[in-house]
Amino acid sequence: MNWTAVISIYLFEMHRFFRTIAQSFLAPVISTSLYFVVFGAAIGSRIQEVDGVRYGAFIVPGLIMLTVITQSISNASFGIYFPKFIGTFSELLAAPISFLEIVLGYVGAAATKALIIGVIILITAFFFVDFSIEHPVAMLTFLVLTAISFSLFGFILGIWAGNFEQLQIVPLLIVTPLVFLGGSFYSISMLPSVWQSISMFNPVVYLISGFRWAFYGAADVPIVTSLLAIGVFTCICLYVIWWIFRTGWRIRD
């Protein structure tokens, strides 16, 4: 394992992250604050509790998961797409480093960025609502697994994208709606039975449900099922990345 190459890629990506501090830190905090004002205050005044948890506190795990998922995808996809766009990715492929080392550098940096933003959102939430974390180890586990798995997914999108429009189309038209419809701001049990069954086909439901269980001990699906779902998703992403580098799809054009 060429750890020098891995660390070099990782540090380069992290340096780019800290150069855009306003976009990286302030934008998520402001967006989350607006969510708390709109959903926590306005809607929370009409919906007192969900599953025995005050509504303002109930939406905290969903907001964190929403931010971590979107940040993981955007950081990883842009991180690998930009070298392709300016033509430096071919030099990376010609260097004496394996695809595993490339993935570790880019995905590790993207996951770290998403985790930093997730922690910032968690701290921000304390200024708006009172909430507790019943299972902190499980919370960190879900947070790390989600950041890694969706960074892998973002890496795949960055390889696939042929232009900046394609880079944004999947997160905007597919991932974000799935997160909003995955129980970020409501419990699946509040839906009619038909829509509850349909929601079970949304993979994000399992992530948010497991993450919320780590906070309040209440979940829409069993915790084991949530862990299994994120494990399967991670394995699929790893297999796709292995196939991409094995065949050279979209990276040797």
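All figures in this text were calculated on a predicted structure; none of them were measured in a lab.
The number of heavy atoms from other shown groups lying within 6.0 Å of CZ (F99) is above 12.
Judged by distance alone, the side chain of N202 and the main-chain N or O of L178 form a donor-acceptor pair under 3.5 Å. Under the 3.5 Å distance criterion, the side-chain polar atoms of Q71 are left unmatched by any main-chain donor or acceptor of T67. A donor-acceptor pair under 3.5 Å links the side-chain atoms of S90 to the main chain of G87, judged by distance alone. S151 contributes a side-chain N or O that, together with a main-chain N or O of A111, makes up a donor-acceptor pair within less than 3.5 Å.
Between V179 and M65 there is no side-chain heavy-atom pair separated by less than 4.5 Å. Under the 4.5 Å side-chain criterion, counting only non-hydrogen atoms from C-beta, I9 is not in contact with E101. Using a 4.5 Å heavy-atom threshold, the side chains of I244 and W160 count as separate. The shortest distance between side-chain heavy atoms of I80 and I159 falls below 4.5 Å. The side-chain heavy atoms of L122 and L143, taken from C-beta on, include no pair separated by under 4.5 Å. Using a 4.5 Å cut-off on side-chain heavy atoms (C-beta onward), L207 and F233 make no contact. Side-chain contact between L93 and F245 is present, with at least one heavy-atom pair separated by less than 4.5 Å. At least one side-chain heavy atom of Y106 sits less than 4.5 Å from a side-chain heavy atom of P83.
Residues passing the salt bridge (Lys or Arg N to Asp or Glu O under 4.0 Å) test with E13 are R16, K113, sequence neighbours excluded. For Y10, the ring pair (Phe, Tyr, Trp, His ring centres under 6.0 Å) criterion is met by no residue, not counting sequence neighbours. Listed by chain and number, the residues in a side-chain contact (heavy atoms from CB on, under 4.5 Å) with T70 are L66, T176 (sequence neighbours excluded). Considering only residues two or more places apart in sequence or on other chains, L140 meets the side-chain contact (heavy atoms from CB on, under 4.5 Å) condition with none of them. Partners of F211 by ring pair (Phe, Tyr, Trp, His ring centres under 6.0 Å), not counting sequence neighbours, listed by chain and number: F215. Applying the ring pair (Phe, Tyr, Trp, His ring centres under 6.0 Å) rule to F201 yields no partners; only residues at least two apart in sequence or on another chain are considered. Scored by the side-chain contact (heavy atoms from CB on, under 4.5 Å) test, D130 finds no partners at all (sequence neighbours excluded). In this structure, the side-chain contact (heavy atoms from CB on, under 4.5 Å) partners of L191, at least two apart in sequence or on a different chain, are Y186, I188, W195, Q196, S199. In terms of the ring pair (Phe, Tyr, Trp, His ring centres under 6.0 Å) criterion, residue partners of F185 (sequence neighbours excluded) are, by chain and number, Y35, F39, F180. For S74, there are no side-chain hydrogen bond (donor to acceptor under 3.5 Å, both in side chains) partners, not counting sequence neighbours.
Closest approach of Q166 to I169, counting heavy atoms only: O-CG2, 3.3 Å. In terms of heavy atoms, P96 sits closest to N2 at O-ND2, 3.8 Å. L181 and V205 get closest at one heavy-atom pair: O-CG2, 4.5 Å. Closest approach of V68 to G118, counting heavy atoms only: CG2-CA, 3.9 Å. For the residue pair V60 and V129, the shortest heavy atom distance occurs at CG2-CG2, 3.7 Å.
Within the structure, every pair that satisfies the side chain to side chain donor-acceptor pair (under 3.5 Å) test and touches residues 208-233, not counting sequence neighbours, is listed here: S187-D220.
Residue F78 is found in a hydrophobic cluster whose other members, listed by chain and number, are Y81, F82, F85, I86, F164, L167; membership requires side-chain heavy atoms under 4.5 Å apart, directly or through intermediates.
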